[in-house]
Amino acid sequence: MVKENKRLEFLIEEASLKAIDVLDSELKEEKVDFSEIHKKKMNRLFAKQKNKENIICISRITKKIAIVLFLFITISFTLIFSVQAWRAKFLNYIMEKTDSYIEFDFDVKNSYSNDRVNLLYVPDNFEKSKESMVGDVMITKFNNEKDYFCIQVSSVEGKMQVDVEDSEIEEIIGENSDIMIIKKAEKISLVWQDGFYSYVLYGNIEKEELLKIAYNVKNN
Amino acid sequence: MNFFKKEKTKIEVLYEKYKFLLFKIAKDILKSPELAEDIVHQTFVKVIENKLVIEEIDSAKTRNLLAIICRNLSINVYNKMKQKEYIVDEIPQEENKEFQSVEDIVISNYNVEIIMNSIMELPDIYRDVLLFEKVYGYTKNDISHIFEISIETVNKRSQRAREKLTETLNEKGVISGERK
């Protein structure tokens, strides 16, 4: 047996590299016309290989795109949320987009109507607790165990007063009319008109819920 | 990148460049153009399956890599067809033969030249295994897969190639000491 020897192995490696060059000079070709069967077989092999390479290529590109997108989104969100003005603008934009997709809910249990107005959406567990006319203004109040909301409907010719002292005011541009949102402590009020009536909707419930009610108000 | 392009893949370029060379190697062994065509196809299947690294298309290293695979696949087919070993100038195996340690061998251009000449005189099947180990850096397991021979056969060929080389070095007086 030949014992392991680093020097010998090194010499064999060097000699092998030289041998490759000598062997190379001995290689000869033979020009032939390959058969059609062989050509088809080779073409199938190449097509298969090309598909594999394409799949690898696509997966590499997809990974790169995913990384770039991830970085873009991360950086964008970081920037938007780090600047207060941008954050407010962005969130308002999202809300407007979301609001435009609110669906009408025709469930009888969650609706209410009187002579002047139809509320096609009333949040779960809220029931009418009071309805009265004060001058030209119809006031309807809804309650559940702890929360309430109230809608005041008056003709557009009439006057309406809303307390805006120490309030945050925001305006949402709607399809038919603009809605003014006034937030004061726990109370949020929405004010708008539709050409026939003016509406004030207020309560201590979430703004989103009030907006959903507002978008589902129809006049009679 | 060949994404959605009609560019030739590396394997197609290799085929176009070496198909006639590989055909001749296979045909010289098998004496059949049809079988030689099959071996050419098989050679490229081996390159793809084993993900062999082709650094430079037009080089002695690449040419010999393909030639060696082609030759060994041809020999396998020949053996299966004839039910006997292809004549490859087998080195007669001498049982229990032991050689003097080669610890004192000097690394010199002269010795490299002697070993290279000795490698050139080795039968193809031994030389191919040695070159795949030393030039291309494949493991015995890789060689077993690529040449479609058992790992024992690879070990045997590798060992006997070294024995032959050591014997030559002894004969040339490069290694001092008596053979045991």
Side-chain angles (χ1 to χ4, degrees), chain A residues 1-70, chain B residues 1-4 8-9 11-12 15 18-21 23-25 27-28 33-34 36-38 40-41 44-45 48 59-61 63-64 67 97-99 101-109 111-120 127 130-131 133-135 159 161-163 165-166 169 175:
Chain A
M1 295 286 285
V2 178
K3 288 178 185 170
E4 285 277 328
N5 182 286
K6 282 184 183 173
R7 286 187 185 185
L8 178 65
E9 290 301 319
F10 176 78
L11 284 171
I12 293 174
E13 197 171 317
E14 290 295 303
S16 297
L17 288 167
K18 283 195 168 189
I20 284 288
D21 289 331
V22 179
L23 285 166
D24 193 53
S25 63
E26 292 174 1
L27 293 173
K28 299 281 183 292
E29 288 185 347
E30 183 179 330
K31 301 261 179 191
V32 285
D33 277 333
F34 284 94
S35 68
E36 285 305 312
I37 297 170
H38 172 78
K39 285 177 190 169
K40 277 182 188 170
K41 265 169 80 175
M42 291 310 296
N43 284 336
R44 272 203 300 273
L45 182 70
F46 298 146
K48 209 172 158 186
Q49 178 63 10
K50 206 163 198 167
N51 282 341
K52 268 187 197 171
E53 287 180 16
N54 282 342
I55 289 166
I56 291 167
C57 191
I58 289 167
S59 81
R60 272 186 199 152
I61 291 171
T62 312
K63 274 181 196 168
K64 280 180 189 169
I65 291 172
I67 290 167
V68 170
L69 267 177
F70 175 77
Chain B
M1 193 198 301
N2 65 349
F3 186 48
F4 295 141
K8 283 185 175 178
T9 57
I11 209 83
E12 281 178 274
Y15 171 75
Y18 297 121
K19 61 185 176 185
F20 297 128
L21 168 74
F23 180 84
K24 179 161 173 54
I25 292 168
K27 198 182 151 213
D28 284 351
E34 291 79 19
E37 283 185 347
D38 276 351
V40 173
H41 175 258
F44 287 97
V45 170
I48 293 169
S59 71
K61 212 173 158 183
R63 223 174 346 264
N64 276 279
K97 186 177 172 183
E98 293 230 345
F99 292 91
S101 163
V102 286
E103 280 166 11
D104 297 331
I105 193 166
V106 178
I107 294 172
S108 67
N109 286 338
N111 285 347
V112 169
E113 202 69 25
I114 289 173
I115 294 173
M116 190 205 74
N117 289 330
S118 186
I119 288 172
M120 294 303 295
R127 187 175 58 215
L130 195 70
L131 293 180
E133 277 188 275
K134 289 296 173 188
V135 178
Q159 184 64 29
R162 280 171 175 75
E163 284 175 7
L165 293 180
T166 313
L169 293 172
I175 302 170

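Numbers restart at 1 for each chain; the letters A, B, ... are given by sequence-line order, proteins then strands. This is a predicted model, so every value here is computed, not measured. Just so it is clear, the values below take in all heavy atoms, side chains as well, and ignore hydrogens, waters and symmetry mates.
- Rounding to the nearest 0.5 Å places CG of B:Leu165 at 10.5 Å from CG of A:Leu11.
- Heavy atoms closer than 4.5 Å to chain B are found nowhere in A:Lys48, neither backbone nor side chain.
- Atom OH of B:Tyr18 is separated from atom CD of A:Glu29 by 9.5 Å, given to the nearest 0.5 angstrom.
- For A:Asn51, the CG atom counts as densely surrounded, since its 6.0 Å shell holds more than 12 non-hydrogen atoms of other residues, nucleotides or ligands.
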- Message: side-chain contact (heavy atoms from CB on, under 4.5 Å), that's the test. Do A:Glu9 and B:Lys134 meet it? Break it down for me.
- Response: CA-CA 9 Å; A:Glu9 290 301 319; B:Lys134 289 296 173 188; 2.6 Å; yes
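- A distance of 13.0 Å separates NZ of A:Lys18 from CE of B:Met120, quoted to the nearest 0.5 Å.
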- Task: Under the side-chain contact (heavy atoms from CB on, under 4.5 Å) rule, what do B:Glu133 and A:Ile12 come out as? Steps first, then yes or no, please.
- Result: CA-CA 10 Å; B:Glu133 277 188 275; A:Ile12 293 174; over 6 Å; no
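- Separating the CZ atom in B:Arg127 from the CG atom in A:Leu23 is a distance of 4.5 Å, to the nearest 0.5 Å.
- No side-chain N or O of A:Glu53 forms a donor-acceptor pair with one of B:Thr9 less than 3.5 Å apart.
- Only the side chain of B:Ile119 comes within contact range of chain A, with heavy atoms under 4.5 Å apart.
- In this structure, the separation between NE2 on B:His41 and NZ on A:Lys40 is 14.0 Å, given to the nearest 0.5 Å.
- In terms of heavy-atom pairs under 4.5 Å with chain A, the best-connected choice from B:Ser118, B:Ala60, B:Ala67, B:Ala36 is B:Ala60.
- B:Ile114 does not touch chain A: none of its heavy atoms, backbone or side chain, sits under 4.5 Å away.
- Between B:Phe20 and A:Phe34, the ring planes are parallel. Angles under 30° get that label, and only those over 60° would be called perpendicular.
- When each of B:Arg63, B:Lys61, B:Glu113 is scored by its heavy-atom pairs under 4.5 Å with chain A, the top score falls to B:Arg63.
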- Just do the side-chain contact (heavy atoms from CB on, under 4.5 Å) check on A:His38 and B:Lys19 with the steps written out, would you? CA-CA 11 Å; A:His38 172 78; B:Lys19 61 185 176 185; 5.8 Å; no
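- With a threshold of 4.5 angstrom between heavy atoms, A:Phe10 approaches chain B through side-chain atoms but not through N, CA, C or O.
- From B:Ile48, atom CD1 reaches atom CD of A:Gln49 across 4.0 Å, with rounding to the nearest 0.5 Å.
- Of the two parts of B:Phe44, the backbone and the side chain both hold a non-hydrogen atom closer than 4.5 Å to a non-hydrogen atom of chain A.
- Ranked by heavy-atom pairs under 4.5 Å with chain B, the first of A:Lys41, A:Glu30, A:Glu14, A:Lys28 is A:Glu30.
- Between B:Leu169 and A:Leu8, the closest side-chain pair of non-hydrogen atoms falls below 4.5 Å.
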